[in-house]
**Student:** 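Quick one: the structure is below, and I'll ask about it shortly.
Treat the numbers as computed from the prediction; the structure is a model and nothing was measured.
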Amino acid sequence: MAKVGIIMGSTSDLPVMQEAIDILKGFDIEIEVDIVSAHRTPEKLFDYGKNAHTRGITVIIAGAGGAAHLPGMVASLSPLPVIGVPVKSRNSIDGWDSILSILQMPGGVPVATVALDGAKNAGILAAQIIGTSDKCVLDKILVYKEGLKQKVITSAKEISK
């Protein structure tokens, strides 16, 4: 069974990253959540990046604010797809520092990057990656997307009354 690793630089990132946790739980995808600071625990970062795939993790979601080195550093060490979540932290420059740190990766070290504080989309993207080889997850994504469509249709009907 597929498992998603969700890591963040500190507990202050948890309110944002909780959206990825919640959406993946809704798809019944196993998760592993941890704090891995690129700057304060580099040894843990190296261990996580090099060994996540040996623990059954298939996709990594990494959230970070400020200089936001966590997603890129994990991507440099891991053979797994990494989804970066830029987090607007209290010491951030309107979040742009985090966005650009995660988005502007050098060739050969890709990080799929979602919007600022976009952990929900990171969770959905991780589920979609898993869904390419797991029909059960794919079916849940199809139901989820249909639900989004129905919300819009219902809203449109209500507003036209």
**Student:** V4 and V87: same hydrophobic cluster, using ILVMFWY side-chain contacts below 4.5 Å?
**Tutor:**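 Yes, because V4 and V87 connect within a single hydrophobic cluster, where side-chain heavy atoms sit under 4.5 Å apart.
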**Student:** Checking A20 now: which residues fulfil side chain to side chain contact (heavy atoms under 4.5 Å, CB included) with it, not counting sequence neighbours?
**Tutor:**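 So A20 forms a side chain to side chain contact (heavy atoms under 4.5 Å, CB included) with I6, I61, A119.
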**Student:** Nearest 0.5 Å, please: how far is CG in N51 from OG in S78?
**Tutor:**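 Answer for the OG-CG pair, S78 versus N51, is 9.5 Å.
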**Student:** Can you tell me how far CD1 of I141 sits from CD1 of I130, rounded to the nearest 0.5 angstrom?
**Tutor:**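 That separation rounds to 8.0 Å.
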**Student:** Between D134 and A2 (side chain of the first, backbone of the second, donor and acceptor by atom type, cut-off under 3.5 Å), is there such a pair?
**Tutor:**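 No, the answer is negative, given that no donor and acceptor are paired below the 3.5 Å cut-off.
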**Student:** What are the two closest non-hydrogen atoms of E32 and I57, and how far apart are they?
**Tutor:**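 Closest heavy-atom pair between E32 and I57: OE2-CD1, 3.3 Å.
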**Student:** Testing the basics here: between H53 and K50, what is the closest heavy-atom pair and its distance to 0.1 Å?
**Tutor:**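 In terms of heavy atoms, the two residues are closest at CE1-O, 3.1 Å.
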**Student:** What are the two closest non-hydrogen atoms of D13 and G63, and how far apart are they?
**Tutor:**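 Looks like OD2-O, 3.8 Å.
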**Student:** Quick check: is V111 connected to I83 through a chain of hydrophobic side chains (ILVMFWY, heavy atoms under 4.5 Å apart)?
**Tutor:**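 The answer is no; the residues belong to distinct hydrophobic clusters.
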**Student:** Tell me whether Y144 shares a hydrophobic cluster with L138, the cluster being built from Ile, Leu, Val, Met, Phe, Trp, Tyr side chains joined at under 4.5 Å.
**Tutor:**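 No, separate clusters.
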**Student:** Between S160 and K157, what is the shortest heavy-atom contact and its length?
**Tutor:**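 For S160 versus K157, the nearest heavy atoms are OG-O, 2.9 Å.
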**Student:** Is it the case that one hydrophobic cluster holds both I124 and V33, taking links as side-chain heavy atoms less than 4.5 Å apart, direct or via other members?
**Tutor:**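 They do share one cluster, since a chain of ILVMFWY contacts under 4.5 Å joins I124 to V33.
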**Student:** Same cluster for M73 and M105 if Ile/Leu/Val/Met/Phe/Trp/Tyr side chains link at under 4.5 Å?
**Tutor:**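 Per the 4.5 Å side-chain linkage, M73 and M105 are co-clustered.
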**Student:** Rounded at 0.5 Å granularity, tell me how far CD1 in I29 sits from CD1 in I23.
**Tutor:**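 Separation between the atoms: 9.5 Å.
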**Student:** Between I21 and L14, is the side chain to side chain contact (heavy atoms under 4.5 Å, CB included) condition met? List the steps.
**Tutor:** CA-CA 10 Å; I21 294 166; L14 185 57; 4.0 Å; yes
**Student:** Check whether any side-chain N or O of T154 sits under 3.5 Å from a backbone N or O of K151 as a donor-acceptor pair, and report yes or no.
**Tutor:**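 No; zero donor-acceptor contacts below 3.5 Å.
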**Student:** Mark yes or no for whether S98, through its side chain, and G66, through its backbone, hold a donor-acceptor pair below 3.5 Å.
**Tutor:**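 Yes, because the side chain of S98 sits within donor-acceptor range (under 3.5 Å) of the backbone of G66.
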**Student:** Quick one: does T58's side chain have a donor or acceptor within less than 3.5 Å of a partner on K3's backbone?
**Tutor:**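 Yes: the side chain of T58 pairs with the backbone of K3.
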**Student:** Salt-bridge test for D34 and K44: reply yes if a basic N is under 4.0 Å from a carboxylate O, no otherwise.
**Tutor:**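 Looking at D34 and K44, the cut-off is met.
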**Student:** Working to the nearest 0.5 Å, report the span between OG of S101 and CG of L70.
**Tutor:**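 The OG atom of S101 sits 11.5 Å away from the CG atom of L70.
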**Student:** Kindly write out the residues that satisfy side chain to side chain donor-acceptor pair (under 3.5 Å) with Q128, not counting sequence neighbours, or none if the list is empty.
**Tutor:**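 By the side chain to side chain donor-acceptor pair (under 3.5 Å) rule, Q128 matches no residue at all.
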**Student:** For the pair M8 and I35, evaluate side chain to side chain contact (heavy atoms under 4.5 Å, CB included) and give the outcome as yes or no after the intermediate values.
**Tutor:** CA-CA 5 Å; M8 61 206 84; I35 305 294; 3.5 Å; yes
**Student:** Closest heavy-atom contact between V85 and G118?
**Tutor:**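 Of all heavy-atom pairs spanning V85 and G118, the closest is CG1-N, 3.9 Å.
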**Student:** Nearest 0.5 Å please: distance from the CZ atom of R40 over to the CG atom of L45.
**Tutor:**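 Spacing of CZ (R40) from CG (L45) equals 12.0 Å.
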**Student:** Can you establish whether the number of heavy atoms outside I153 located under 6.0 Å from its atom CD1 is more than 12?
**Tutor:**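 More than 12 within 6.0 Å, yes.
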**Student:** Nearest 0.5 Å, what's the OH-CZ distance between Y48 and R55?
**Tutor:**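 Here the rounded value is 5.5 Å.
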**Student:** Distance-only, no hydrogens or angles: does the D94 side chain make a donor-acceptor pair with backbone N or O of W96 under 3.5 Å?
**Tutor:**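 Flag not set: sc D94 to bb W96 has no pair under 3.5 Å.
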**Student:** Specify the closest pair of heavy atoms between P71 and V82, including all atoms of both residues, with the distance to one decimal.
**Tutor:**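 Looks like O-CG1, 3.7 Å.
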**Student:** According to ring pair (Phe, Tyr, Trp, His ring centres under 6.0 Å), does anything in residues 98-122 pair up with another residue at least two apart or in another chain? List the pairs.
**Tutor:**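 Sorted pair list comes back empty.
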